[in-house]
Amino acid sequence: MRVLVVDDQDLFRGGFAMILSAQADITVIGEAADGIEAIEKAEALTPDVVVMDIRMPRLDGVAATAGICARTTAKVLVLTMFDADEYVYAALHAGASGFLLKDARRDELVQAVRVVAAGEALLSPAITRRLIARLAEPGHPRRELANRLGCLTDRELDTLRELARGQSNAEIAHALTVSEHTVKTHVSTVLSKLALRDRVQAVVFAYEAGLVIPGRDHS
């Protein structure tokens, strides 16, 4: 896995790079200190994953994430703090595939990079709770999104509901009494039909469209 590390603080950036470089299956191919440099290096170096800070000079991590996702095939793993909820929400829409708190353990950072590189999505439990609270604010559901749910079959809708509850493929398979292979097919079809990048965006879509109601449908 080829990784680009982006953070405006030398200590954090160097520490993340050192932790990741120690893994046999990860190569840190570059570092960037702000969003503009991040986009330039992502285009030039073609990483598989970009580990992205949020608050940076010149161009923040949200705008950089949007630029990278629009111009490359790299997955973006955003590192955030507890007080940056508004940035988390914006970064989701920009195309980020995962979120991890900056005070995460070393093994959590390494695992997060592997999960995102594999095409899965990742939200830490703490961030998920905050995201759901944000999605519970007035103004939802959005009618135009709810209308798009009509393209899904009943089983695909069930799959999307389970995704929004944070269920793994194995848990969804158990809940719907189908095989994991069938679940993977349904997930892929849902993402394709709704033009969503990954499972994280599917979670946001499900809440914004009113398919899942915060506090009632999420445990």
Do [X] and [Y] sit in the same hydrophobic cluster, where Ile, Leu, Val, Met, Phe, Trp and Tyr count as joined when their side-chain heavy atoms come under 4.5 Å apart?
{"X": "Val110", "Y": "Leu100", "answer": "yes"}
{"X": "Val51", "Y": "Ile29", "answer": "no"}
{"X": "Ile26", "Y": "Leu45", "answer": "no"}

**Request:** Output all residues satisfying side chain to side chain donor-acceptor pair (under 3.5 Å) with Ser21, sequence neighbours left out; order by chain, then residue number.
**Result:** none
**Complete:** Applying side chain to side chain donor-acceptor pair (under 3.5 Å) to Lys193 and not counting sequence neighbours gives Glu156
**Message:** Going by salt bridge (charged side-chain N to carboxylate O under 4.0 Å, His left out), Asp7 matches just one of Arg55, Arg13, Lys102. Which one?
**Reply:** Lys102
Does [X] reach the side chain of [Y], with side-chain heavy atoms less than 4.5 Å apart?
{"X": "Thr72", "Y": "Val50", "answer": "no"}
{"X": "Asp53", "Y": "Phe12", "answer": "no"}
{"X": "Thr159", "Y": "Leu152", "answer": "no"}
{"X": "Val113", "Y": "Gln23", "answer": "no"}
{"X": "Thr189", "Y": "Thr153", "answer": "no"}

Spatial distance of atom [atom1] ([X]) from atom [atom2] ([Y]) [nearest 0.5 Å]:
{"X": "Ile172", "Y": "Glu180", "atom1": "CD1", "atom2": "CD", "result": "9.5 Å"}
{"X": "Thr73", "Y": "Lys75", "atom1": "OG1", "atom2": "NZ", "result": "8.0 Å"}
{"X": "Asp10", "Y": "Glu31", "atom1": "CG", "atom2": "CD", "result": "8.5 Å"}
{"X": "Asp158", "Y": "Leu163", "atom1": "CG", "atom2": "CG", "result": "11.0 Å"}
{"X": "Leu194", "Y": "Arg148", "atom1": "CG", "atom2": "CZ", "result": "5.5 Å"}
{"X": "Arg106", "Y": "Ile19", "atom1": "CZ", "atom2": "CD1", "result": "5.0 Å"}

**Message:** Treating Arg114 as the side-chain partner and Met1 as the backbone partner, does any N or O pair qualify as donor plus acceptor under 3.5 Å?
**Reply:** no
Over all atoms of both residues, closest heavy-atom pair of [X] and [Y]:
{"X": "Val62", "Y": "Ala94", "value": "O-CB, 3.7 Å"}
{"X": "Leu4", "Y": "Ala42", "value": "CD2-N, 3.8 Å"}
{"X": "Thr65", "Y": "Val76", "value": "OG1-CG1, 3.6 Å"}
{"X": "Ala91", "Y": "Ile54", "value": "CB-CD1, 4.5 Å"}
{"X": "Ala96", "Y": "Cys69", "value": "N-SG, 4.5 Å"}
{"X": "Pro57", "Y": "Ala33", "value": "CD-O, 4.3 Å"}

**Request:** Could you go through the side-chain contact (heavy atoms from CB on, under 4.5 Å) check for Thr182 and Leu176 one step at a time?
**Result:** CA-CA 10 Å; Thr182 298; Leu176 301 183; over 6 Å; no
**Request:** Using a cut-off of 6.0 Å, state whether more than 12 heavy atoms not belonging to Asp154 lie near its atom CG.
**Result:** no
**Glu171/Glu162 under side-chain contact (heavy atoms from CB on, under 4.5 Å): CA gap, chis, key distance, verdict** = CA-CA 8 Å; Glu171 290 168 334; Glu162 296 302 323; over 6 Å; no
**Request:** Could you give me the CA-CA distance, side-chain angles and deciding distance for Phe16 and Leu79, then say whether side-chain contact (heavy atoms from CB on, under 4.5 Å) is met?
**Result:** CA-CA 11 Å; Phe16 295 147; Leu79 298 179; 3.3 Å; yes
**Request:** Starting from the C-alpha separation in whole Å, work towards a yes-or-no answer on side-chain contact (heavy atoms from CB on, under 4.5 Å) for Asp8 and Asp34.
**Result:** CA-CA 6 Å; Asp8 65 319; Asp34 60 58; 5.8 Å; no
